[in-house]
Amino acid sequence: MLSQPLLRLVSAVSRRRMKLLLGIALLAYVASVWGNLINMRSIQENRELRIESRIEEIIEPLREKIRDLEKSFTQKYPPVKFLSEKDRKRILVTGGAGFVGSHLTDKLMMDGHEVTVVDNFFTGRKRNVEHWIGHENFELINHDVVEPLYIEVDQIYHLASPASPPNYMYNPIKTLKTNTIGTLNMLGLAKRVGARLLLASTSEVYGDPEVHPQTEDYWGHVNPIGPRACYDEGKRVAETMCYAYMKQEGVEVRVARIFNTFGPRMHMNDGRVVSNFILQALQGEPLTVYGSGSQTRAFQYVSDLVNGLVALMNSNVSSPVNLGNPEEHTILEFAQLIKNLVAVRELLASTGCALCHRCPGAPRILSQECLLPTVDQEIRVSDTTRLEWVWLNCVSKMWACPDPHFSQLQCLGWSVLAPSCLLPAWTVGQDRG
Ligand SMILES: O=c1ccn([C@@H]2O[C@H](COP(=O)(O)OP(=O)(O)O[C@H]3OC[C@@H](O)[C@H](O)[C@H]3O)[C@@H](O)[C@H]2O)c(=O)[nH]1
């Protein structure tokens, strides 16, 4: 038998042990719950990591594609000079998407100016200036100059008008409105904002000239009701408007009388002799020489004209200035040149009246520091060579083309449409000479 004190000792020890055991069990329980929690969290984290890496796997090729697309959409612009705020001008070019206007736009942009092109796209083409779209110095507005325009500019090159005979005779009333109301609107804008305006006039203001060559002091010989009157008289009144605004309102004006011009971006179907002959040769047709072919023209390359326009705009000469190549050729000579370069079957001499001679006369110096490019002997001599070069490069490539219709062919900027897309043929009876 155990004594009473011994029994008390034993029960006290087992109570303590019980407490200890209970404490240990509680700790073990807490530890296991904690462990489970940690385990669950790491499982969840693992799962999340797996999902994230799967998403990455799917997204990465897409990211790659976006990078490629971004690279291909990043527009590469022709090199543009940096001009300080003081030298940089805000320049409006009306008709800036056309043949001459787009080359002028190129020069002004590359010189570092801010250029706004306004065009109604009747004869202009967006693709002529598309290489500038998105550039911070460039803006393209689809607008008809017959409606007023409210913008802020320092200089206006006013070129908006159809210029080839079939185009301007297509809608003579519209041609008249463009050259009269359109010019009034641009002169109004020039007056409002204090801009200088250069009018792209034409050698056609001399009409069917009785004087040869036609210097700027010749008043011309124009039939006011002839087939070309909408253009000839439209440009004559546009010149009159310029000088009225100059005298009455103090607007600074420059007037360029532009002679025959050729070069890239000229529409093959615009109806003028260079494009007509090239197109006819491409299609294996005879060249249509109107009349005897003894009528003369002097063809200038478009970049020479553009340099002349910019030189004139920035000169102090406010009287009209002829811009053209003084090297004169008969149309027959021109046809022969093409005939010698390409195997053309025959030359067609029509019976139409074609006695007109057109040549800008001796080139003149605008001011001491501003020499018109037509004065440059090298350019004069090389013009025929350039024509041959354009001709050889375009034509030889096109002859090699397997498409018999030369549909939508692009060659050095010349666009050739399929025969079915051509404008109605330019007929002999419409020509003055
Ligand atoms: O197929 C043709 C086309 C034209 N010609 C002749 O080639 C000469 C030039 O005619 P174009 O149609 O090329 O141009 P034009 O000289 O008559 O007028 C042009 O010149 C100056 C620009 O300012 C004008 O915008 C434009 O009308 C004319 O004598 C014409 O009779 C042909 O012999 N065959």
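Computation of the quantities below employed the complete heavy-atom set of this structure, encompassing side-chain atoms and omitting hydrogens, waters and symmetry-equivalent molecules. Counting starts at 1 for both ligands and their atoms, following the listed order. What you see is a predicted model, and the numbers here were worked out from it, not measured in a lab.
Residue contact annotation: Arg257 has no non-hydrogen atom under 4.0 Å from ligand 1. At least one heavy atom of Phe277 sits closer than 4.0 Å to an atom of ligand 1.
Proximity to Val289 (heavy-atom distance under 4.0 Å) selects the following atoms of ligand 1: 33 (O). Under a 4.0 Å criterion applied to the non-hydrogen atoms of Ser203, ligand 1 contributes the atoms 21 (C). Atoms of ligand 1 found under 4.0 Å from any heavy atom of Ile331 (numbered from 1 in listed order, with element): 7 (O), 8 (C), 33 (O). Distances below 4.0 Å separate heavy atoms of Ile258 from the following atoms of ligand 1: 23 (O). Shown in contact with Arg272 at under 4.0 Å from a heavy atom are these atoms of ligand 1, numbered in order with element: 11 (P), 12 (O), 13 (O), 25 (O). Here is the list of ligand 1 atoms found below 4.0 Å of a heavy atom in Asn276: 1 (O), 2 (C), 3 (C). For ligand 1, the atoms lying closer than 4.0 Å to a non-hydrogen atom of Pro165 are 12 (O), 27 (O). In summary, the atoms of ligand 1 found under 4.0 Å from a heavy atom of Thr288, numbered by their order in the structure, are 1 (O), 2 (C), 32 (C), 33 (O), 34 (N).
In summary, Arg257 and Glu216 do not engage in a salt bridge, as defined by a charged side-chain N under 4.0 Å from a carboxylate O. Ion pairing between a basic and an acidic side chain is recognised when a charged N comes within 4.0 Å of a carboxylate O; Glu130 and Arg125 show no such pairing. Salt-bridge check for Asp208 with Arg228: failed, with every basic side-chain N at 4.0 Å or more from each acidic carboxylate O. With salt bridges taken as basic N to acidic carboxylate O contacts below 4.0 Å, one links Glu64 and Arg67.
When the heavy-atom distances from atom 23 (O) of ligand 1 to Val100, Thr202, Thr296 are ranked, the shortest goes to Thr202.
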Pair Val205-Val222, side-chain contact (heavy atoms from CB on, under 4.5 Å): steps then yes or no | CA-CA 7 Å; Val205 296; Val222 177; 5.8 Å; no
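The side chain of Arg228, and not its backbone, has at least one atom closer than 4.0 Å to an atom of ligand 1 (non-hydrogen atoms only; side chain from C-beta on). The part of Gln295 lying near ligand 1 is the side chain, judged by heavy-atom distances below 4.0 Å.
No donor-acceptor distance shorter than 3.5 angstrom exists from the side chain of Tyr157 to the backbone of Ala200, with no hydrogens or angles considered.
Evaluated for a side-chain contact (heavy atoms from CB on, under 4.5 Å) with Val306, the options Thr105, Thr261, Leu104 yield exactly one hit, Leu104.
A side-chain donor-acceptor contact under 3.5 Å links Asn314 and Gln155. Side-chain contact check for Glu136 and Tyr77: no donor-acceptor pair (N or O, by modelled atom type) lies under 3.5 Å.
Here's the thing with Val274: none of its N/O atoms is less than 3.5 angstrom from an N/O atom of ligand 1.
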